[in-house]
Each structure stands twice: as structure tokens, then as C-alpha cells.
Number of protein chains: 2
Amino acid sequence: MWAIGSQSCFMTRSKLFNENDVLDKAVQLFWCKGYHGTSAQDLVDALGISRSSLYDTFGDKRQLYIKALQQYRSVAAKGLINMIEESTQIDKTVEQIFRMAVKESLADKLTKGCFVVNTTVELAPHDKEIASIINENMNDIEDALCLGIKKGQEQGVFTKHQNARAFARFLFNNISGLRVAAKSGADKKVFDDIVRVTLSVLKK
Amino acid sequence: MWAIGSQSCFMTRSKLFNENDVLDKAVQLFWCKGYHGTSAQDLVDALGISRSSLYDTFGDKRQLYIKALQQYRSVAAKGLINMIEESTQIDKTVEQIFRMAVKESLADKLTKGCFVVNTTVELAPHDKEIASIINENMNDIEDALCLGIKKGQEQGVFTKHQNARAFARFLFNNISGLRVAAKSGADKKVFDDIVRVTLSVLKK
DNA sequence: TCTTTTTTGGAACAATCATTCCACAAATGT
DNA sequence: ACATTTGTGGAATGATTGTTCCAAAAAAGA
């Protein structure tokens, strides 16, 4: 046996599971059932790994939840932000973002809504660290929307009747609302009405 | 002892607490901590009655939650509906509804949000009975808003550019959104931006 | 193959969960 | 005051909670 510093140079047994795959399963479970609604047993059953592997790899239930939340965020938020930053026809892109949210909501038979919105409602007021992740997420999306709206205003496809920041906050608010509506099982007509009126605000 | 049918005509010991007062305390607790976040011990501590009285009077935790939800609904929703129905200047009333929601959110140091929104997110997908209460609530508020908007459109204070039902759904969606934002501790500037843009949609 | 290190499954843990139970207190017509 | 009924406090219930522990399995350089 030989070592560099405190690290052993033995390469021993490696994990039988892919950490990222397991995290994806945790996202699905927490997203569907919430933090308090998901038990350690639920996690063991759904993740397909034993308690010891679970706690050894992720610490505890709360840390696993936080990692799952960040995993979700890195997919959902970054996807949305990329769409806006790479957009050439920003008015079409904003509409696309809303249509996507509606499509996802209608397709989701478990009515999971949005993991970030669910977390905001269940945990944000009681957990500072989680609240700060939520707020970082909100700021990132708001900034991206703001940038997109400015672009649209300069291109002349969006009205300048209100400032871009206000529009961005307004759009974000409606996305939150849609995700709550999804949880109550709203139908296409309701979603379409909301999206149509929301988007009409931006028009010149 | 004498009886009519199976009912005894003895008038015996009456409850030491007011059922409505206790229900109000249950509303506050569930509103703040959610269903799964509130334990039976929490309830005993906060309601000031013993386990036996609690279970004897309200059945079980879920039934107590449902009664609390209906209690909240009967205050919050009916208040809002009355405001609209008795309004003479409907544009001012709609603005007042939004300003009230903002004021409440900023004043609430526990960031409880809205009990109905919280319930929608936590329980609606997993409990049919609760989902139907939520939907009834949504329909009642949407109907009242729709009526108000029609009134405003006839009075010429609201635009007819979209139909009243679509506007009602849109307004409801923004109220939901505000309640989620409240949970993340949003500040006055954010709320004011959202409300200003939302209300601008209705203007002629 | 031996040694060393890490992962694994599952038993075991104390704490907490929602709920039930019971002996006693309180109230009221008689 | 008595009989009868119902409400009350708190102990007790078994199930489930999140977490820890341990013996055994697996992996890989020596």
C-alpha cells in the first residue's frame, strides 16, 4: 500500500449504479410526491439502491433533495435560458416557451407541475438554503426573459409601453401560475386562454 | 331516562372549546406548514385541545384539513366574490383585489402564501376529494371575475379585445402566481411590476 | 492469492407518526 | 344527591419515520 497525502492509491470496488441516473429517479419521485410526501422507503424502492448506498452517496434525505433540485434546475432553467439567448425571432421563442409549458402540463398524467414551483410552495419559507436556490433560479430566468424582451423591443416586435424588467417578472408570474393550474388538472381551453392573453400584452 | 328513537334526551356535558375557534387555529397551522408538514402533536399543541377531543370532534387529520380548507375558502373566496358582485367601479375593485393580495403577502412574515394554492400544489394530484374542492373554488372565483369583467366591458372601462372568460382565467392565473412569489419572499417592486402589467391588459 | 479499501444489502435503531383507548371529570334531568 | 351521558387528558398503540451499523461481497494492486 502506498499513498499520496491522505488519498489512498488503491482502486477498489466501484459503485454498481450511475449517480446521475439515480439522481434523475430522485427528481421524478420528489417532483411527484414532494419532500414530506416522499419517505426513505419510497426512495429505496424507486431508486433501486439500498439505504446504505443512498446515505453514503447523498448524505441524507434533505441533501438528496437539494441535489435533485439542482439537477432539475440545470436542465429546465438552462434549457429555457439557451432558447432565449440563441433566439433570432424572440416573439416566436417566447410563444414557444409558453406553448411548451402547456404541452408538458397536458402530457403529464401525474400532474407533477414544476419541481421548482412545488419546492417554493412546500419548502422555501422553512429552509433558507433551498430558498436561495429557488431565488437564484428565479433571477436567472427573469434575467434571461428580460434580455429577450429588450431584444424584442429593439427589434420592434414587443411594445415599449412597459419596461423589460416588469414584463419579465410578469411573464415569470404567469409561468408560475400555469404550473399551479397544471396541478389542479386544468384543461387545454384554460391554458390557451391564459397564454393568449399573457402574450397579447407584449404586442405592439 | 327517556328516549326518542335512538337519541337520548339527556343534555350532558358540553364541549369546553368553540369548534370554530379551533378550526381557525387549524387553518393557520396547515396554511403555514402544509398537510404533511403538520403532525398530530403540532395540532394538539396549537389547537389547545387534547387528542381525544380532536379526533372525537373532527374525525382524523385529513378530515380536519378538509374542514379547515373549507373554512378558509368560505372566508377568502366569498369575500372576493362579494367585492366583485357589490362593486360599482369594477376597474377600481379589480385593482383593489390585486393590491390587497400584495399587501397581505408583504405583511405576512410567515410567508404562508395562499392556503388554496398551497393545497393545490401539495395535495390536489393525490386526493380526489380535495381536488374537487380546489376546482370548485377556482370555478367560483373565475365566474365572479368573469362577471366583473363583463360588467366592466359593458361600462366601457375594460377592453373587449379578449372575451371575459379568458380575462378571468388570466387574472386568476396571475393571482396564483403572486401567491407563489409570496412564498419565495418576493419584494414590493416585483409585486408592483406584476400587478401593473397584469392590470394594463384590461385597459381600453 | 493475499491485502486493503469501498460498496452493498439488510437488520437494527430511536424517534416520531397518526390513531385508539380508558379512567375520570363534568354536566343535567330527575 | 343520583344516575346517566358525554367530553377530557394523557397514556398506550402499532406502524412508519429517517438514519446508522455491520458483516459480507467485490474490486484491484501487490
Side-chain angles (χ1 to χ4, degrees), chain A residues 1-23 25-26 29-30 33-69 122-123 126-127 129-130, chain B residues 1-23 25-26 29-30 33-69 122-123 126-127 129-130:
Chain A
M1 202 264 271
W2 40 279
I4 304 172
S6 65
Q7 271 206 315
S8 162
C9 292
F10 264 97
M11 296 302 287
T12 62
R13 187 176 182 185
S14 54
K15 285 183 203 286
L16 289 182
F17 58 90
N18 179 291
E19 200 171 314
N20 232 54
D21 292 349
V22 169
L23 209 47
K25 289 178 188 165
L29 197 60
F30 280 131
K33 305 184 72 175
Y35 180 78
H36 288 112
T38 304
S39 70
Q41 189 58 52
D42 290 338
L43 287 165
V44 169
D45 293 343
L47 272 45
I49 62 174
S50 71
R51 284 176 154 69
S52 56
S53 300
L54 199 163
Y55 278 85
D56 186 58
T57 309
F58 300 104
D60 60 16
K61 185 183 164 186
R62 181 173 166 277
Q63 286 177 60
L64 173 58
Y65 188 94
I66 289 174
K67 279 183 183 142
L69 181 61
E122 188 185 5
L123 301 178
H126 311 104
D127 191 312
E129 187 179 351
I130 286 175
Chain B
M1 202 263 271
W2 39 280
I4 303 172
S6 64
Q7 272 206 314
S8 161
C9 293
F10 262 97
M11 297 303 287
T12 63
R13 188 178 180 184
S14 55
K15 286 182 201 287
L16 289 182
F17 58 90
N18 178 293
E19 201 171 312
N20 233 54
D21 292 348
V22 169
L23 210 47
K25 288 177 188 165
L29 196 61
F30 281 131
K33 306 184 71 175
Y35 180 78
H36 288 111
T38 303
S39 69
Q41 189 58 53
D42 290 337
L43 287 164
V44 169
D45 293 343
L47 306 197
I49 61 174
S50 70
R51 283 174 155 68
S52 57
S53 300
L54 200 163
Y55 278 86
D56 187 58
T57 308
F58 300 105
D60 59 16
K61 187 182 163 188
R62 180 172 167 278
Q63 286 178 61
L64 173 58
Y65 188 93
I66 289 174
K67 278 182 184 145
L69 181 62
E122 188 185 5
L123 301 178
H126 311 103
D127 192 311
E129 188 179 351
I130 286 175

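Throughout, a chain's letter reflects where its sequence line sits, starting with A, and its residues are numbered from 1. Note that these values count all heavy atoms, side chains included, but never hydrogens, waters or copies made by symmetry.
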Intermediate values then yes/no, side chain to side chain contact (heavy atoms under 4.5 Å, CB included), B:Leu43 and B:Lys25: CA-CA 9 Å; B:Leu43 287 164; B:Lys25 288 177 188 165; over 6 Å; no
Within residues 60-69 of chain A, find the residues that approach DNA chain C with a heavy atom at under 4.0 Å, and present them sorted by residue number. none
Could you go through A:Thr57 and A:Leu64, starting from their C-alpha distance and side-chain angles, then the distance that decides it, and tell me whether this counts as side chain to side chain contact (heavy atoms under 4.5 Å, CB included)? CA-CA 9 Å; A:Thr57 309; A:Leu64 173 58; over 6 Å; no
With the threshold set at under 4.0 Å for non-hydrogen atoms, list the residues of residues 39-55 of chain A touching DNA chain C in residue-number order. A:Ser50, A:Arg51, A:Ser52, A:Ser53
Once rounded to the nearest 0.5 Å, what's the spacing between atom OH of B:Tyr65 and atom NE2 of B:His36? 10.0 Å
Quick one: does any side-chain atom of B:Thr38 pair with a main-chain N or O of B:Gly34 as donor and acceptor, under 3.5 Å? yes
Rounded off to whole Å, could you give me the CZ-to-P distance for the B:Phe17 and C:dA25 pair? 20 Å
So which heavy atom on A:Ala46 is nearest to which on A:Leu29, and how close? CB-CD2, 3.8 Å
Do A:Lys67's NZ or CZ and the ring of A:Phe58 fall within the cation-pi criteria of under 6.0 Å and 45°? no
Side-chain donor or acceptor of B:Glu122 paired with backbone N/O of B:Tyr35 under 3.5 Å: yes
In whole Å, what is the span from the CZ atom of B:Phe58 to the P atom of C:dT20? 16 Å
Can you check the A:Asp56 CG to D:dC22 P distance for me, whole Å? 15 Å
From NE2 of A:His36 across to P of C:dA18 the rounded distance in Å is 11 Å
Examine distances only and state if a side-chain atom of A:Asp56 and a backbone atom of A:Ser53 form a donor-acceptor pair shorter than 3.5 Å. no
